[in-house]
**Q** 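Handing you a structure now.
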Protein chains: 2
Amino acid sequence: MTESNQQESPTLHPLYQQVRRMLVDRLASGDWSPGELLPSETALAQLYGVSQGTIRKALDTMAAERLVVRHQGRGTEVAKHDSERSLFQFWHLYGEDGTRQIPSSKVLKCTRTTARAGEARLLKIKRGAPVIRIGRCRYINDQPLIIEWITLPAERFPGIENYGKDLPNTLYSLYQKHYRVTIQTAVEKLRAVTADRRDAEPLGIKAGAPLLEIERVALDLEDEPVELRMSRCDTQSLHYRNVLD
Amino acid sequence: MTESNQQESPTLHPLYQQVRRMLVDRLASGDWSPGELLPSETALAQLYGVSQGTIRKALDTMAAERLVVRHQGRGTEVAKHDSERSLFQFWHLYGEDGTRQIPSSKVLKCTRTTARAGEARLLKIKRGAPVIRIGRCRYINDQPLIIEWITLPAERFPGIENYGKDLPNTLYSLYQKHYRVTIQTAVEKLRAVTADRRDAEPLGIKAGAPLLEIERVALDLEDEPVELRMSRCDTQSLHYRNVLD
DNA sequence: AAGTGGTCTAGACCACAGC
DNA sequence: CTGTGGTCTAGACCACTTT
């Protein structure tokens, strides 16, 4: 290997990308659990028959993608959905003072049903396929500010409807721990809409008030859509913050 | 240097970060212009008395920050605000079909005045300091969809008010070419608001319709705020897209 | 003390751009 | 052909965490 190491596989030329691909596949298949430490760089180098520098580059790219977290002196940890990550990667709503506050949730509804056409398209499942639909109202400082409708493909989350109103607040940790589904990326579409009566009542506002609508499609490690989330937010005392860089 | 290279300066320990700092400073001071090629890695290595690998790491981090664009075989180019970059980094509004369309602009107003309290705070200038205030209406497919109010500190953009209604569509290129101001980052705050009469008339909608309000503070290479932009968007046929990853 | 990732170096070859 | 950045390797030392 020290003398002939160019493109052993013709598919994905650079070695470090091939290694990355193999490691990501093993992550997705659950060979290591979130929070666990991967083998050390030297061990992986031996395992895959490449130099430590190549392993390092693969792991560095994976760290940039937040698939793993590197700790000097400890090792390389499989990223897990602690509250920290949910907060920093997936929560963009801030209070007037600029602080990010964790909302509490009340589950309004949690039932098994079938996918509507729009849901099916976004989740890449068949129209009419079984889905779980969850409705939540989310509170900040005891004020109801967000109405949220979540659609999950039932196939990926068997039995999740049995949680009913006892669904935990941080769903992504639940997905990861109990269903081996890691949310890796999400795409959001934002619009300004008008509150209808169904929004207005739980939020304690007038129908016709402006709301920020957020449609989120969340993707797993394989970039497959696994959750659809429609939120409507009262932005009188909240705003959505985005950093462009 | 080949034998004693640990922390020659006690301020910023890793060598590659020190090199990065020096290069960024030279970029900010205009030693190289946007679009120019930097000296090659080997030349920089000699210049700073470090190995090529260290220069490479510095340049790679700068490429990740979009300060610089690397071209295999050509060299390392100072990033410039072509339409591409403006589009991909700073334009988040998409049409219903998911395509990103370049809006045209009509300047409604372009005058020199003084900073209001809120503007002064966001731009980190004194209240009452001279500013340029620009009002634009932006069109997509000849439809007016966005009303935009821009505030610039007059000190950084001397004489820009003389452009009047002939201001170009892509302001960031103008900032960079004529005022040596490179927009590097921006922070946006989004809210849903209600159209007032001043919004409704140019947009051709009813007062009271929901609009997406975007407040953007744009920062230069030194992370100093240099532009404040308040946009109000009709999101009936547009949405704001954000990728969380 | 032992093991981990972080930094730095030096040298090799490859892929690509431009003359 | 020359020069550029891109990949890969090997080996050194440092900083940190854990035992």
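Just so you know, these numbers come straight off a predicted model, no measurement behind them. Labels below follow one simple rule: chain letters A, B, ... track the order of the sequence lines, proteins then strands, and each chain is numbered from 1.
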**Q** Less than 4.0 angstrom from a charged side-chain N to a carboxylate O is my criterion; do B:Glu96 and A:Arg191 meet it?
**A** yes
**Q** Please pick, from D:dT9, C:dT9, C:dA17, the nucleotide with the shortest atom-to-atom distance to any side-chain atom of B:Arg74.
**A** C:dA17
**Q** Please report, rounded to the nearest Å, how far the C1' atom of C:dG3 is from the CG atom of A:Leu38.
**A** 16 Å
**Q** When you check the phosphate oxygens OP1 and OP2 of C:dT7, does a side-chain N or O of B:Lys57 lie under 4.0 Å from one of them?
**A** yes
**Q** How do B:Gly73 and A:Gly53 order along DNA chain D: which one's closest nucleotide is nearer the 5' end?
**A** B:Gly73
**Q** Tell me whether the OP1 or OP2 atom of C:dG6 has a side-chain N or O from A:Arg56 closer than 4.0 Å.
**A** yes
**Q** Which nucleotide wins on minimum distance to the side chain of A:Ser40, given the candidates D:dC8, C:dG5, D:dG6?
**A** C:dG5
**Q** OP1, OP2 of C:dC8 versus side-chain N and O of B:Tyr16: anything below 4.0 Å?
**A** no
**Q** Hey, does the side chain of A:Thr76 come within less than 4.0 Å of C:dG5's phosphate (OP1/OP2), counting only N and O?
**A** yes
**Q** Which nucleotide in the list C:dT9, D:dT9, C:dA17 gets nearest to the side chain of B:Leu15?
**A** C:dT9
**Q** With a 4.0 Å cut-off, would you call A:Glu227 and A:Arg229 a salt bridge?
**A** yes
**Q** Taking atom CD of A:Gln101 and atom CG of A:Leu238, what is their separation to the nearest 0.5 Å?
**A** 8.5 Å
**Q** What's the closest nucleotide to the B:Pro14 side chain, out of C:dT7, D:dT9, D:dG6?
**A** C:dT7
**Q** Rounded to whole Å, please give me the gap between NE2 in B:His71 and C1' in D:dG3.
**A** 16 Å
**Q** Consider the side chain of B:Asp60, meaning its heavy atoms from C-beta on, and name the nucleotide among C:dT9, D:dG6, D:dT18 that approaches it most closely.
**A** D:dG6
**Q** Find the distance B:Ile55:CD1 to C:dT9:P and express it as a whole number of Å.
**A** 9 Å
**Q** Looking only at the side chain of A:Thr54 (C-beta and beyond, no hydrogens), which of the listed nucleotides D:dG6, D:dT9, C:dT9 gets closest?
**A** D:dT9
**Q** May I have the distance from B:Glu41 (atom CD) to C:dT9 (atom P), rounded to whole angstrom?
**A** 13 Å
**Q** So that I can tick it off, tell me whether A:Arg156 and A:Asp220 are bridged by a salt bridge, with the cut-off set at under 4.0 angstrom between side-chain N and carboxylate O.
**A** yes
**Q** Between B:Arg70 and B:Glu41, does at least one N-O distance fall below 4.0 Å, as a salt bridge requires?
**A** yes
**Q** As a test of reading the structure: which of D:dT9, C:dT4, C:dC16 is closest to the side chain of A:Thr42, going by heavy atoms?
**A** C:dT4
**Q** Nearest-Å distance, CD (B:Gln17) to P (C:dG6)?
**A** 13 Å
**Q** Measure from CD on B:Glu77 to C1' on D:dT4 and round the result to the nearest Å.
**A** 14 Å
**Q** Write down the distance between CD (A:Gln72) and C1' (C:dT4), rounded to a whole number of angstrom.
**A** 8 Å
**Q** Nearest whole angstrom, please: distance from the P of C:dG3 to the CD of A:Gln52.
**A** 14 Å
